[in-house]
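Read the structure below first, then the notes.
Whatever order the structure lists them in is the order used to number ligands and atoms, beginning at 1.
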Amino acid sequence: MNIEKNPTEVASAPPIPAAAEQVPLRAKVENLNFYYADGTQALKGVNMPILDRQITAMIGPSGCGKSTLLRCFNRMHDLYPGNRYEGRISLMPENQNLVGPEADPVLVRLRIGMVFQKPNPFPKSIYENVAAGLRVRGVKNKAMIDEAVEAALRRAAIWDEVKDRLHRSAYDMSGGQQQRLCIARALAPNPEILLLDEPTSALDPIATAKIEDLVQELGRETTIVIVTHNMQQAARISARTAFMYLGELIEFGATDQIFSTPSHPRTEQYITGRYG
Ligand code: ADP
C-alpha cells in the first residue's frame with residue numbers, strides 16, 4: 001500500500017509495517033484535509049489505513065486533530081454548516097468515499113457507529129435506547145428487535161445487569177453502565193466501523209477498566225477506531241496506533257512498535273511525556 005508522506009512532518013515516518021499489509025483494509029484515509037467553517041485547517045494531508053477487525057488508537061496532544069479526524073468518518077461535521085473536507089476516506093470493500101459530495105451524511109451515520117466522551121443515553125428505557133438504532137433503520141418486527149436488543153446488550157457486557165429492568169429509565173444507571181448501554185446502542189445495527197471518542201474520560205477507574213475489557217473483546221470482531229488521551233489505554237487495547245501532531249499524522253504503526261521504538265522524534269517526545 002502506498003501511504004503518501006506529508007512533505008514536512010512525516011518525512012521520516014516509516015512505511016506501513018509488513019504485518020499490516022496482511023490484514024484486510026476496512027478503510028483508507030487518503031490525503032485528507034479538513035477545514036472548519038472559520039477557516040481553521042484542522043487536518044493536513046492525513047494518510048492512514050484502518051485495518052479490518054482491529055483496534056486503531058489515535059493519540060497526540062490536545063488540539064492535534066484526533067476528534068476532528070474521528071468525526072470525519074461518520075460525517076459529524078456536516079451537522080454544522082461551512083465545514084469542508086478534501087481528499088478521501090475510502091470504505092472497503094466498495095471503495096466508497098465517505099467524505100465525498102456523493103455520500104449522504106445521514107446514510108454514512110447509519111453505517112458507522114459512534115460513542116462519545118460522556119455517556120449520552122436517550123431519556124427512554126434501556127430497551128428503547130438499544131432499539132432506537134434499529135427503528136431508524138426501519139426494523140419493525142418486535143421479535144427481531146427483542147433479539148437484537150438482547151444480543152447487543154450481551155455484546156456490550158451489560159445484559160446480566162439490566163435484563164430484569166429493561167423497561168426502566170436509562171437514567172437510573174451508573175455512568176459506566178450508561179456508557180456500556182451507549183456501546184450496545186451503537187452495536188445493535190452492526191456498524192461497519194465503531195468510533196469511540198475518549199469513551200472512558202468521564203468514568204472512574206473501575207468503570208474504565210470494564211469498558212477497556214469490553215472494547216478489547218469487541219475488537220476481535222469489530223473494526224474500532226478509538227481516540228484517547230490516555231497512552232496506557234492505547235498501549236493496552238489497540239493493535240495499531242496513529243500519533244498526530246498539529247493536524248498531521250506523524251507516525252502510524254503496530255502499537256508495540258510505536259511505544260517501544262517510535263521512528264519519529266516527536267512521537268518519542270510525546271510517549272515519554274516530554275510534552276502534551
Ligand atoms: P483533539 O481531539 O486532538 O484534542 P480537535 O480535533 O478537537 O483536537 O481540534 C483540532 C483543532 O481544530 C484545534 O486547533 C481546535 O482548536 C480546532 N477546532 C476544533 N473544533 C473547532 C471548531 N468547531 N471550529 C474551529 N476550530 C475548531
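Shortest contact from atom 9 (O) of ligand 1 to any protein heavy atom: T68 OG1, 3.7 Å. In terms of protein heavy-atom proximity, atom 2 (O) of ligand 1 is nearest to S67 N, 2.9 Å. The shortest contact between atom 1 (P) of ligand 1 and any protein heavy atom is with G63 N, 3.4 Å.
Between F243 and Y245, the two ring planes are parallel [angle under 30°; tilted spans 30° to 60°]. Between H167 and Y127, the angle of the ring planes lies from 30° to 60°, which puts this pair in the tilted group.
Within the listing of ligand 1, atoms 25 (C) sit less than 4.0 angstrom from a heavy atom of D38. Ligand 1 places these atoms under 4.0 Å from at least one heavy atom of K66: 1 (P), 2 (O), 3 (O), 4 (O), 6 (O), 8 (O). Listed by number with element, the atoms of ligand 1 under 4.0 angstrom from any heavy atom of C64 are 1 (P), 3 (O), 8 (O).
Residues Y85 and D78 have side chains that bring a donor and an acceptor to within less than 3.5 angstrom of each other. In the model, N230 has no side-chain atom that pairs as donor or acceptor with a side-chain atom of R236 under 3.5 Å. For the residue pair R84 / Q41, no side-chain donor-acceptor distance below 3.5 Å is found, with atom types taken as modelled. Side chains of R185 and N120: a donor-acceptor N/O pair is present below 3.5 angstrom, by distance only. With hydrogens and angles left out, the side-chain atoms of S90 and E30 include a donor and acceptor closer than 3.5 Å.
Contacts of T40 with ligand 1, taken as heavy-atom pairs under 4.0 Å, involve the side chain alone.
Under the 4.0 angstrom criterion, atom 16 (O) of ligand 1 counts as lacking any protein heavy-atom contact.
Exactly one residue among L32, V29, I89 makes a side-chain contact (heavy atoms from CB on, under 4.5 Å) with M48. That residue is V29.
When Y245, Y36, Y80 are ranked by how near their heavy atoms come to atom 18 (N) of ligand 1, first place goes to Y36.
Using a 4.0 angstrom heavy-atom cutoff, G60 does not count as in contact with ligand 1.
For a threshold of 3.5 Å applied to N or O pairs, the pair formed by A42 and ligand 1 contains no separation below that value.
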